[in-house]
Amino acid sequence: MHDFTISQDQSPDILYSDLTSAARAVTDGEPDAIANMANIAALIWQYIPDLNWAGFYRVLGDQLVLGPFQGKSACIRIAMGQGVCGTAAETNSVQRVADVHAFPGHIACDADSRSELVVPVCKDGSVIAVLDLDSPLPDRFSLADQNGMTALIGAIANNLG
């Protein structure tokens, strides 16, 4: 059992440093990628405010397939290059979208989502999954969120695939 003290009242740098330490603790020594993704989605859901979805899509062949998450039911399959998640996976680039309705080809799995942050998960130089965060608030995700989530995923990517 893990017991973490992560205050949402801290600066983003401290919040993401603590969250990354917690992510390392729950994935360290665990070889099962699905279990690790589930724990990471739960940690993010618990400690990052103003989310309505947090989870993973895994790369399987030429598409993304729904992985562990917290939130409402979600789209199960997304083609590479489609929507925010498919774009992040195909281009291996973080997508931080202030208004998902303005994103060309946005896939509305949840009509309440207004902004999105998607971080590719890479192992051995290939995208193996994406971390997807949705918020009902427009422009919810800052550069600090992007940098913090990118560092978190970078720290544990080898445990996610």
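- Distance CD1/Ile156 to CD1/Ile40: 3.5 Å, rounded to 0.5 Å.
- Under a hydrophobic clustering in which Ile, Leu, Val, Met, Phe, Trp and Tyr are joined whenever their side-chain heavy atoms come within less than 4.5 Å, directly or via other members, Val94 and Leu160 fall into the same cluster.
- Asn52 places a side-chain N or O within donor-acceptor distance of the main-chain N or O of Ser135, the cut-off being under 3.5 Å.
- Within the 4.5 Å cutoff, the side chain of Ile48 has heavy atoms near those of the Leu15 side chain.
- Judged by distance alone, the side chain of Tyr16 and the main-chain N or O of Thr150 form no donor-acceptor pair under 3.5 Å.
- Of all non-hydrogen atoms in Ala155 and Thr20, the two that sit nearest each other are CB-CG2, 3.7 Å.
- Note on Val65: it does not cluster hydrophobically with Phe69, by side-chain heavy-atom contacts below 4.5 Å among ILVMFWY residues.
- In terms of heavy atoms, Ala54 sits closest to Ala41 at O-CB, 3.7 Å.
- With values rounded to the nearest 0.5 angstrom, Leu51 atom CG is found 10.0 Å from Asp132 atom CG.
- For CD1 of Ile76, the number of neighbouring non-hydrogen atoms (other residues, nucleotides, ligands) closer than 6.0 Å is 12 at most.
- Within the 4.5 Å cutoff, no side-chain heavy atoms of Arg77 are placed close to those of Leu64.
- Considering all non-hydrogen atoms of both residues, Ile78 and Gly86 come closest at CG2-N, 4.1 Å.
- Within the 4.5 Å cutoff, the side chain of Trp53 has no heavy atoms near those of the Leu133 side chain.
- Here Tyr47 contributes atom OH and Leu19 contributes atom CG; the two are 8.5 Å apart, rounded to the nearest 0.5 Å.
- Here the CE-CZ distance, from Met37 to Phe56, works out to 6.0 Å after rounding to the nearest 0.5 Å.
- With hydrogens and angles disregarded, a donor-acceptor distance shorter than 3.5 Å links the side chain of Thr91 to the backbone of Thr87.
- Remark: side-chain polar atoms of Ser113 are not paired, donor with acceptor, to backbone N or O of Pro136 under 3.5 angstrom.
- Judged by distance alone, the side chain of Arg140 and the main-chain N or O of Leu117 form no donor-acceptor pair under 3.5 Å.
- To the nearest 0.5 Å, atoms CG (Leu43) and CD (Gln70) are separated by 9.5 Å.
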Residue pair Met149, Leu131: steps toward the side chain to side chain contact (heavy atoms under 4.5 Å, CB included) verdict
CA-CA 9 Å; Met149 285 298 171; Leu131 170 66; 3.9 Å; yes

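- With contacts defined as side-chain heavy-atom distances shorter than 4.5 Å, the pair Arg114/Leu137 does not qualify.
- Of the inter-residue distances, the one linking Gln146 atom CD with Gln95 atom CD reads 9.0 Å to the nearest 0.5 angstrom.
- Listed here is the closest heavy atom pair of Ala89 and Val127: O-CG2, 3.7 Å.
- Counted by atom type alone, Asp145 and Ser142 present one or more donor-acceptor pairs between their side chains at under 3.5 Å.
- Looking at Val118 and Tyr57, their side chains never come closer than 4.5 Å, going by heavy atoms from C-beta outward.
- When all heavy atoms are compared, the tightest approach of Ile153 to Pro120 is CG2-O, 3.7 Å.
- Pairs of residues two or more places apart, or lying in two chains, that qualify as side chain to side chain donor-acceptor pair (under 3.5 Å) and include a residue from residues 26-42 are Thr27-Asn159.
- The shortest distance between side-chain heavy atoms of Asp139 and Ser115 does not fall below 4.5 Å.
- With contacts defined as side-chain heavy-atom distances shorter than 4.5 Å, the pair Ile34/Pro68 qualifies.
- Two residues are said to be in side-chain contact when any heavy atoms from C-beta on lie closer than 4.5 Å; Gln63 and Gln82 fail this criterion.
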Does the salt bridge (charged side-chain N to carboxylate O under 4.0 Å, His left out) test come out yes or no for Asp112 and Lys72, once each step is laid out?
CA-CA 10 Å; Asp112 292 333; Lys72 294 180 182 179; 2.8 Å; yes

